[in-house]
Amino acid sequence: MYTKTFLSTALAVALASAQNNSQSLNALITNEGELSGLGTLLESYPDLADTLSSAQNITLFAPSNAAISALQRSPGFESITEAQVGALLNYHIVAGEVPSSAITETPTFAHTLLNDTAYTNVTDGQVLAARLSDDTETDESEDSDTPAVVITSGLKTESTVVQADLNYTNGIVHVIDTVLTIPLNVSTTAYAANLTALAGALTAANLVDTLDAASDITVFAPSNDAFSAIGSAAGNLSTQQLGEILQYHVINSTIAYSSSLGNGSVETLGGGILNITVTDGVVFVNSARVINADILISGGVMHVIDSVLNPNNSTQSEPDADEDEPVVQFSGASSAPLGALTSGAPAASTTVTALVATTEDVAQGYPTQTGGAIGTGAGGSEPTGSNSGGGGSGSESSSSDMASMPTGAIGAAALFGGAAFLANL
């Protein structure tokens with residue numbers, strides 16, 4: 001009797017799954033009440049709806065009704081263009097079918113279909129980060145002990161999957177509670193993260209346009225306190241010296257997320273060498289500690305560090321994970337007001353706590369990477385799913401002329417991403 005009951009139940013589940021897989025995306029959106037807002041939005045853009053429905057082998061992170069409603073109530077939404085809606089929609093689509101079971105506590109960075117250079121300079125498409133959170137699943141239909149799946153987008157905006165694994169003929173849909181934010185360029189992100197000293201330094205060194213237009217880069221961004229710690233020396237730097245220091249904070253042609261960093265050395269934009277050390281989840285760049293990792297930007301990723309790197313002082317003693325105080329890497333420098341670096345800089349207005357929060361062990365619990373400073377997961381590390389295409393080696397693309405990418409739309413138009421930032425249009 002038990003065997004017969006079990007087989008009947010298994011058959012019913014298999015049949016239901018097959019029926020779900022046989023429905024089109026349009027049918028899924030129509031049948032799922034939580035997606036009616038997305039359906040209504042797509043009715044206003046029939047060409048986009050047709051493109052979406054014909055896409056194959058994809059994973060769609062579909063905003064819930066509440067998420068769509070919040071977006072539509074945001075200042076600036078009334079002037080949003082079809083091209084902007086299309087870019088935003090593409091940022092919610094990952095190439096390849098990625099079930100929730102493929103997502104782990106170690107963040108993976110999946111390439112999306114957003115590859116328009118008006119919004120991104122990441123080879124193979126801008127990425128979103130997917131991970132399991134310590135929080136439990138918010139969907140009442142799920143086991144309350146199941147960790148929630150969290151998607152992190154630009155400005156470290158977090159969206160929680162509230163309904164997972166809705167299958168249809170061409171892919172998988174996960175419903176999320178917040179519209180994703182398209183990552184912004186370096187300078188805009190720096191201001192939003194209250195890295196006003198870095199933003200001011202980039203302006204003083206005439207590097208804003210270069211880095212805002214850069215493709216496939218990793219930026220180690222010193223905090224305001226880090227710049228203050230060398231304030232006595234910063235005021236005496238020439239434009240050339242400041243530029244050389246800032247270029248020492250950038251890895252060119254490689255996007256290195258926290259989960260792909262390992263022990264080793266890597267060359268910087270200015271030609272210097274950075275030493276990466278990972279110990280017990282703590283990530284060091286030379287002697288600087290990474291205190292906020294994986295801030296996605298239009299051209300790659302930014303990590304906040306607690307001290308300013310010195311290209312003339314890269315051979316320091318091995319960093320100490322037990323040392324709480326930042327290591328000043330400029331001999332004789334002392335703390336002083338930043339003055340010109342922050343004068344006239346707008347105050348940070350972000351309400352995203354994760355963007356300004358700090359932690360000592362940004363890679364805690366991540367698997368040990370091999371293969372040097374930039375491990376095997378560099379670029380666009382994908383969750384392991386069914387045919388989870390979409391690249392995976394965006395870090396290796398050529399970027400010999402960093403200033404060649406267009407910048408006109410990246411600073412302003414890319415701001416439309418999440419509801420909170422439509423007001424910046």
Side-chain angles (χ1 to χ4, degrees), residues 186-187 189-191 193-208 210-211 217-252 265-279 282-293 295 302-345 347-348 356-360 362 373:
V186 172
S187 60
T189 301
Y191 280 125
N194 197 28
L195 300 173
T196 50
L198 172 63
L202 291 174
T203 299
N206 300 317
L207 286 174
V208 172
T210 299
L211 291 188
I217 60 171
T218 301
V219 179
F220 294 105
S223 66
N224 283 352
D225 288 343
F227 275 104
S228 294
I230 63 164
S232 64
N236 298 320
L237 295 172
S238 67
T239 300
Q240 179 177 344
Q241 289 172 325
L242 183 59
E244 290 173 351
I245 291 172
L246 293 174
Q247 290 181 69
Y248 188 59
H249 289 72
V250 180
I251 303 175
N252 191 22
S265 301
V266 62
E267 186 174 351
T268 67
L269 174 62
I273 299 298
L274 290 177
N275 300 306
I276 308 296
T277 306
V278 182
T279 175
V282 181
V283 177
F284 288 97
V285 185
N286 292 351
S287 295
R289 185 192 301 254
V290 176
I291 55 175
N292 192 337
I295 301 174
M302 176 187 292
H303 306 295
V304 180
I305 55 178
D306 68 357
S307 60
V308 179
L309 304 174
N310 185 349
N312 298 316
N313 189 21
S314 61
T315 57
Q316 301 182 51
S317 58
E318 185 173 338
D320 183 0
D322 295 326
E323 176 58 54
D324 294 331
E325 292 298 319
V327 177
V328 176
Q329 302 184 33
F330 289 77
S331 178
S334 60
S335 180
L338 294 174
L341 286 184
T342 56
S343 62
V356 294
T358 61
T359 182
E360 293 185 351
V362 296

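Just so it is clear, the values below take in all heavy atoms, side chains as well, and ignore hydrogens, waters and symmetry mates.
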- Which heavy atom of L195 sits nearest a heavy atom of A221, and at what distance? CD1-CB, 3.8 Å

- Message: Taking V282's backbone N and O only, do any of them form a donor-acceptor pair with T279's side chain (distance below 3.5 Å, no angle check)?
- Response: no

- Report the distance from atom CD of E325 to atom CG of D306, rounding to the nearest 0.5 Å. 9.5 Å

- Please name all residues satisfying side chain to side chain contact (heavy atoms under 4.5 Å, CB included) with D320, sequence neighbours left out, ordered by chain then number. D322, E323

- Please list, chain by chain and in numerical order, all residues satisfying ring pair (Phe, Tyr, Trp, His ring centres under 6.0 Å) with F330, sequence neighbours excluded. none

- Note on the structure: Separation between CG (L309) and OG1 (T268), nearest 0.5 Å, reads 9.5 Å

- Note on the structure: dist I305:CD1 -> N286:CG (nearest 0.5 Å) comes out at 8.5 Å

- Message: Among residues at least two apart in sequence or on other chains, which ones pass ring pair (Phe, Tyr, Trp, His ring centres under 6.0 Å) with H303?
- Response: F220

- Can you measure from CZ (F227) to OG (S335) and round to the nearest 0.5 angstrom? 13.5 Å

- Working to the nearest 0.5 Å, report the span between NE2 of H249 and CG of L274. 8.0 Å

- Message: Measuring only between side-chain heavy atoms, which start at C-beta, is V362 closer than 4.5 Å to I291?
- Response: no

For residues 199-208, run the donor-acceptor check on the side chains, cut-off 3.5 Å, and write out each pair with its distance to 0.1 Å, sequence neighbours left out.
residue, atom, partner, partner atom, Å
T203, OG1, A199, O, 3.1

- Message: Does V285 form a side-chain contact (heavy atoms from CB on, under 4.5 Å) with N275? I'd like the steps, not just the answer.
- Response: CA-CA 6 Å; V285 185; N275 300 306; over 6 Å; no

- Item | Side-chain touch I230/N310, heavy atoms, less than 4.5 angstrom | no

- Query: Between V250 and L246, is a side-chain contact (heavy atoms from CB on, under 4.5 Å) present by the stated rule, with each step listed?
  - Reply: CA-CA 7 Å; V250 180; L246 293 174; over 6 Å; no

- Query: Taking only residues two or more places apart in sequence, or in another chain, which ones meet T358 in a side chain to side chain donor-acceptor pair (under 3.5 Å)?
  - Reply: none

- Any side-chain heavy atom of L198 within less than 4.5 Å of one from P222? yes

- Heavy-atom nearest pair, N224 first then A197, reads OD1-N, 3.0 Å

- Listed partners of Q247 passing side chain to side chain donor-acceptor pair (under 3.5 Å), at least two apart: none

- Residues at least two apart in sequence or cross-chain that pass side chain to side chain donor-acceptor pair (under 3.5 Å) with T239, listed by chain then number, are none

- Message: Please enumerate all residues that pass side chain to side chain donor-acceptor pair (under 3.5 Å) together with S331, with sequence neighbours excluded.
- Response: none

- Message: Give me the atom names and distance for the closest heavy-atom approach of S232 to A336.
- Response: N-CB, 3.6 Å

- Query: With a 4.5 Å limit on heavy-atom distance, are the side chains of I245 and P311 in contact?
  - Reply: yes

- Sequence neighbours left out, what passes side chain to side chain contact (heavy atoms under 4.5 Å, CB included) with Q241? Give chain and number order. L237, S238

- Ignoring hydrogens and angles, tell me if any N or O in the side chain of T218 forms a donor-acceptor pair with the backbone of I251 under 3.5 Å. no

- Indicate yes or no: at least one non-hydrogen side-chain atom of V327 is less than 4.5 angstrom from one of F284. no

- Residues I273 and S265: closest non-hydrogen pair is CG2-CB, 3.7 Å

- Message: Show, in sequence, the C-alpha distance, side-chain angles and deciding distance for N194 and T196, and conclude whether the side-chain contact (heavy atoms from CB on, under 4.5 Å) test is met.
- Response: CA-CA 5 Å; N194 197 28; T196 50; 4.0 Å; yes

- Query: With N292, which residues qualify under side chain to side chain contact (heavy atoms under 4.5 Å, CB included), at least two apart?
  - Reply: K156, I295, V304

- Heavy-atom distance under 4.5 Å between the side chains of R289 and P319, does that happen here? no

